[in-house]
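One structure is given here, and the rest of the page talks about it.
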Amino acid sequence: MEYERITSLNRNRIDAFIKQHWYTTTMIIRGKAIDMTKTEGFYFREGEDIIGLITYMVYDNLLEIISLDSLHENQGIGSKLLGAVIHEAKERKLQKIVLITTNDNINAMKFYQKRGFDMVRLFHDALAVSRKLKPEIPLIGENSIPLRHEIEFELYINPVIAEETI
């Protein structure tokens with residue numbers, strides 16, 4: 001099983017997958033609307049069906065993961081897609097990878113921490129702001145947990161090493 005890069009040739013299929021699984025192509029992160037039809041990324045397919053997708057944006061010497069979906073849990077799809085993004089960040093000589101997840105997404109927190117990401121910030125009650133931009137965000141999330149906060153994770157890829165002065 002190999003991943004493929006999102007290109008203009010497969011963009012319509014990718015956007016349809018995003019809409020099917022996220023109900024919209026707009027993601028709200030840290031109070032900002034992200035147009036997921038403009039993101040870069042990689043995907044897995046089984047025949048003509050997309051079974052995994054990771055999207056990201058690059059800015060300010062970092063890569064921000066916007067979404068990660070795997071339709072078949074515990075088969076390595078998410079890990080391989082994340083590996084592709086880590087490789088991409090290294091190739092572009094970016095400093096780090098960041099991502100935001102919500103307080104209810106226990107599986108994501110476990111997934112990223114097991115792969116070396118560090119929990120670095122809590123955006124308290126961030127979903128109250130996000131709901132003003134996207135009212136369809138539910139009040140209750142996964143595992144019947146109230147959906148309230150955003151949590152930022154990061155992984156340093158090519159850290160800037162400060163020169164020592166003597």
Does R92 reach the side chain of L63, with side-chain heavy atoms less than 4.5 Å apart? no
Nearest heavy-atom approach of I50 to L71 is O-CD1, 3.4 Å
Report the C-alpha distance between I28 and V129 in whole Å, list the side-chain angles of each, state the deciding distance to 0.1 Å, and finish with yes or no for side chain to side chain contact (heavy atoms under 4.5 Å, CB included). CA-CA 9 Å; I28 308 297; V129 174; over 6 Å; no
Answer whether the closest heavy-atom distance between the side chains of L147 and N103 falls below 4.5 Å. yes
So does E4 get a backbone contact from the side chain of R45, meaning a donor-acceptor N/O pair under 3.5 Å? no
Does K134 use its side chain to pair, donor to acceptor, with the backbone of T26 at less than 3.5 Å? yes
To the nearest 0.5 Å, how far apart are CD1 in I14 and OG1 in T39? 9.0 Å
If Ile, Leu, Val, Met, Phe, Trp and Tyr residues are connected whenever their side-chain heavy atoms lie under 4.5 Å apart, and connections chain through other members, are F123 and I137 in the same group? no
Do you know which two heavy atoms are closest between F42 and E88, and how far apart they sit? CZ-OE1, 3.9 Å
So that I can tick it off, tell me whether R30 and E152 are bridged by a salt bridge, with the cut-off set at under 4.0 angstrom between side-chain N and carboxylate O. no
Closest non-hydrogen contact found for L133 with G31 is CD1-O, 3.1 Å
d(I54 CD1, Y3 OH) to nearest 0.5 Å is 11.0 Å
Non-hydrogen side-chain atoms of S130 and E150 separated by less than 4.5 Å: yes
What is the distance from atom CG of L82 to atom CG of L155, rounded to the nearest 0.5 Å? 8.0 Å
How close do V85 and Y56 get, counting heavy atoms only, and between which atoms? CG2-CD2, 3.8 Å
Can you name the nearest heavy-atom pair linking A108 to T101, along with the distance? CB-OG1, 3.7 Å
Counting only N and O atoms by type, is there a donor-acceptor contact under 3.5 Å from the side chain of N105 to the main-chain atoms of G141? no
Nearest 0.5 Å, please: how far is NE2 in H21 from CG in D69? 6.5 Å
Is any side-chain heavy atom of N143 less than 4.5 Å from a side-chain heavy atom of D104? no
In a check of side chain to side chain contact (heavy atoms under 4.5 Å, CB included) between I151 and each of L122, L99, T102, which one passes? L122
Between the CD atom in Q113 and the CG atom in D118, the distance rounded to the nearest 0.5 Å is 7.5 Å
Run the side chain to side chain contact (heavy atoms under 4.5 Å, CB included) check on T25 and T37 step by step: do they pass? CA-CA 6 Å; T25 56; T37 68; 3.7 Å; yes
Taking the side chain as everything from C-beta on, heavy atoms only, tell me whether E154 gets closer than 4.5 Å to I97. no
Are any of the side-chain heavy atoms of Q95 and L62 separated by less than 4.5 Å? no
Test salt bridge (charged side-chain N to carboxylate O under 4.0 Å, His left out) applied to D15 - qualifying residues, sequence neighbours left out: R11
Does S67 offer a backbone N or O that forms a donor-acceptor pair with the side chain of T55 under 3.5 Å? yes
Working for side chain to side chain contact (heavy atoms under 4.5 Å, CB included), residues Y23 and E136: CA-CA 10 Å; Y23 307 108; E136 62 268 26; over 6 Å; no
Grouping I, L, V, M, F, W and Y whenever their side-chain heavy atoms are under 4.5 Å apart, do L127 and I29 come out in a common cluster? no
If two hydrophobic side chains count as joined below 4.5 Å and joins carry through other members, does V120 share a cluster with I157? no
4.5 Å side-chain heavy-atom contact, R131 and L139: yes
Other than I106, which residues form its hydrophobic cluster under the rule that side-chain heavy atoms must be closer than 4.5 Å? I145
Heavy-atom side-chain proximity of E64 to I100 below 4.5 angstrom: yes
Report the distance from atom CG of L68 to atom CG of L81, rounding to the nearest 0.5 Å. 6.5 Å
Can you list every ring-ring contact (aromatic ring centres under 6.0 Å, His included) pair that touches residues 67-119, not counting sequence neighbours? Y112-F117
